[in-house]
Every structure is written in C-alpha cells, then in structure tokens.
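Some notes on the structure that comes next.
What you see is a predicted model, and the numbers here were worked out from it, not measured in a lab. Labels below follow one simple rule: chain letters A, B, ... track the order of the sequence lines, proteins then strands, and each chain is numbered from 1.
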Protein chains: 2
Amino acid sequence: MQLKPEYKERLDRALARTGLRPTKQREHVFSVLLEKLDHPTADDVYARARADMPTISLATVYNCLETLSASGLIKQVNFEREPTRYCPNLTAHAHFYCKESGEIEDIELSDDIINRLKAALPKGHTAHRIDIAFDGKCGGCHDGED
Amino acid sequence: MQLKPEYKERLDRALARTGLRPTKQREHVFSVLLEKLDHPTADDVYARARADMPTISLATVYNCLETLSASGLIKQVNFEREPTRYCPNLTAHAHFYCKESGEIEDIELSDDIINRLKAALPKGHTAHRIDIAFDGKCGGCHDGED
DNA sequence: ATAGATAATTATAATAATTCTAAATCCAAA
DNA sequence: TTTGGATTTAGAATTATTATAATTATCTAT
C-alpha cells in the first residue's frame, strides 16, 4: 500500500522529532493501520504487512508498532488479558469490546467527561494517559436475543 | 490468616451461588487479598499465601483468583502489558498507576460520572464492565521534582 | 557519489505470565 | 464407607512479547 502524502509527511515529521529514521517498514506498518481501522493485534498487522512486503519480520512489526506509538502516531489498546491492539485514531476516545461478536468500537468522549474524570484524581496527581475500556454486548448482538 | 466470620460467610454464599465448593485454599487466597489492599499480582499472592500454607501451588493461586473473580468477590485490574492484579474493593472505582513509585491507588468514582460514561455508548450497547486506568505521576512523586 | 558511523531489520532464542494436563486428593452425598 | 465429581498439585505447554547478534539500510560528511 502507498501512504498518502499527507500521512507520509506526518510520519516523517513525527520520526524526525525524536531522531528516528523513516524506513520502508515503518511506513508500511503505518499504512496497514490506516487502511483498515479495526484494531488489529501485532499478529494481524504482521499478516497484512506481509501481503505487500513478504520479507518483513514479526520482530520488525513489533518494533515499528513500538516506534509509531512512541512517536504519538498510533495508540495501543489493551483488553483484559488479550494481546495488545493498535489504533491510529488519536482523538480522546474509549473502546467498546463486544465479546460476542469480537468487534471493537471507538467511543468518542467529550472534553467535559475527560475533565470530570481528571477531576476525580487526588490533588497533585497528574494523568499522562487515561485508558477506558467497556466490555459488553453491542446492539447487533442484542437483536434476536435468545 | 484467619478469615473474619463476616468474610467467611460472604465467601461461602458467593461460592454456593455458583455451585462451587468452599476450600481451604480459596479461603486463604481470599484472606491474603483482604489483608493487604495493595493490588498484588498472582505471584505476589502466591508468595504471601505460602507463608501460612507452604504447600499451595501457583496453579491453585491462579485457579482461586479466577474463581473469586467469577464469583464477584474480587476484581481483576489490568495495566498496559503488565501482569494482572487483584483487588477486593467492589465499589465502582478507577485505578491510578504511578509509574515512578509503582504505587496503585483506587480512585472512587461517582455514579454520575459512571452514568455519563455509559451514556456515551451507542444505543443498544450494554456495558457489563468498565475499566478505567490512569497512568501518571502521583502527588508524592511531583514533590521535589527535578 | 562514497565511506564510515549509526540505526534498523532479520531470524531466532529467551522470557514472562498464564493456561493446560493428568494424576492424586479431597469433599459431599448415598 | 464407598463413589463420583470437584479441586489441587506439579510440571509441561502456550502465547505474547522482548532480547540477541549478525546483516543490511540509512545518514552525514567528505
């Protein structure tokens, strides 16, 4: 897959900011994440990346995902004891995980709610990251319920 | 450690509800969690449990923690890629993890804020569980900052 | 362009947390 | 008590991830 110039620029700038090199692999892994926004695991990314770049290794996929996360281009998403998933949506959002369908949805959150959450912290604490994960049943899986 | 009658009763009732047997090991693991409310990992629990019950195995600790979670007596707490931690605080609360001191704190949340979060879900979705984890720096680690 | 220095990739081994398996033990009910 | 099913135990297996060491790619300064 070809990375759109807009994203290519964003990638190069983000890497330059931390003194990292733009490589084919980093570009490719980023494009894989942008192409299908379904919160793939590292293994999923590896499988998709190999379609266009058969020589890429799993270790490199992990390295690229780590680099992209550290550069702020993607986010890691964790559910209970499951493998980490990756997501290029940078807005403040939560995740909804339907265990029935296996689907993961982004849930956009207002600034207001984020601020209320931060306000619940004791004085002096600063949050660098807030992870919010819902587990449940999505609308589709409720229809035709038994 | 001896489980207070109040907790022993709670344990027995919760296990009976799901047809599970009250065993020495389950009782002991539960008491370990109630004794020190610091969100131990399974390994931590194993180490503490062995002090009074040297023959308990790690597999049993995992089994008991799973059983207690399934019976609703304790909760599992997950941070990024770290081992699962366990917590007998059953109120609706979030967790704050200070990566500097390694400390984990319970952050009590109002019903209001929980309801606002649930209201952010698309229609038809029902949440069976909400995980909220803050990563950051606690007050103590901000003092004497460099 | 080219050479040297450094960073990144690759294949594979290692690790860490958790789960599985099979045998032994325990408990509850007949 | 015997019997059947649940539980525990020890150790092997699994899964996701990280570390290692050799090779290759990229950058910088000539």
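Atom CZ of B/Arg129 sits about 12.5 Å away from atom CZ of A/Phe134, to the nearest 0.5 Å. Rounding to the nearest 0.5 angstrom, the gap separating the NE2 atom in A/His95 from the CG atom in A/Asn78 is 10.0 Å.
Phosphate contact (OP1/OP2 of D/dT17, side-chain N/O of A/Thr84, threshold under 4.0 Å): present. Within the structure, a side-chain polar atom (N or O) of A/Arg81 is placed less than 4.0 Å from OP1 or OP2 of C/dT19. Side-chain nitrogen and oxygen atoms of B/Thr23 include none within less than 4.0 Å of the OP1 or OP2 phosphate oxygen of D/dA6. Put simply, B/Arg21 has no side-chain N or O that comes within less than 4.0 Å of OP1 or OP2 on C/dA28. Distances shorter than 4.0 Å separate some side-chain N or O of B/Gln25 from OP1 or OP2 on D/dT9.
The terminal axes of the helix from C/dA1-D/dT30 to C/dA30-D/dT1, fitted over 5 pairs per end, subtend an angle of 30° to the nearest 10°.
Atoms OH (B/Tyr46) and C1' (D/dG11) sit 11 Å apart, rounded to a whole Å. Atoms CG (A/Leu58) and P (D/dT20) sit 18 Å apart, rounded to a whole Å. Distance A/Lys24 NZ to D/dT26 C1': 10 Å, rounded to the nearest Å. In this structure, CD of A/Glu80 is placed 11 Å from P of C/dT19, rounded to the nearest angstrom. A/Asp12 has its CG atom 13 Å from the P atom of D/dT26, to the nearest Å.
Between B/Arg17 and B/Asp12 there is no salt bridge, since no side-chain nitrogen of the basic residue lies less than 4.0 Å from a carboxylate oxygen of the acidic one. With respect to B/Glu9 and B/Arg13, a salt bridge is recorded, a charged nitrogen being found less than 4.0 Å from a carboxylate O.
Ring-plane geometry between B/Phe79 and B/Tyr97 is classed as tilted, the angle between the planes lying from 30 to 60 degrees on a 0 to 90 degree scale.
Annotation: side chain of A/Gln76 is not in contact with side chain of A/Arg85 (no heavy-atom distance under 4.5 Å).
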Inset, instruction - Test B/Cys138 against B/Glu105 for side-chain contact (heavy atoms from CB on, under 4.5 Å), laying out the working first. - result: CA-CA 9 Å; B/Cys138 70; B/Glu105 270 178 79; 4.2 Å; yes
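You'll find the ring centres of B/Tyr86 and B/His39 outside the 6.0 Å limit.
Out of D/dA16, D/dT7, C/dA11, the shortest distance to the side chain of B/Arg26 is found at D/dT7.
Residues A/Thr41 and A/Asp44 have side chains that bring a donor and an acceptor to within less than 3.5 angstrom of each other.
The stretch residues 60-69 of chain B comes close to DNA chain D through B/Thr60, B/Asn63, each having a heavy atom under 4.0 Å from the strand.
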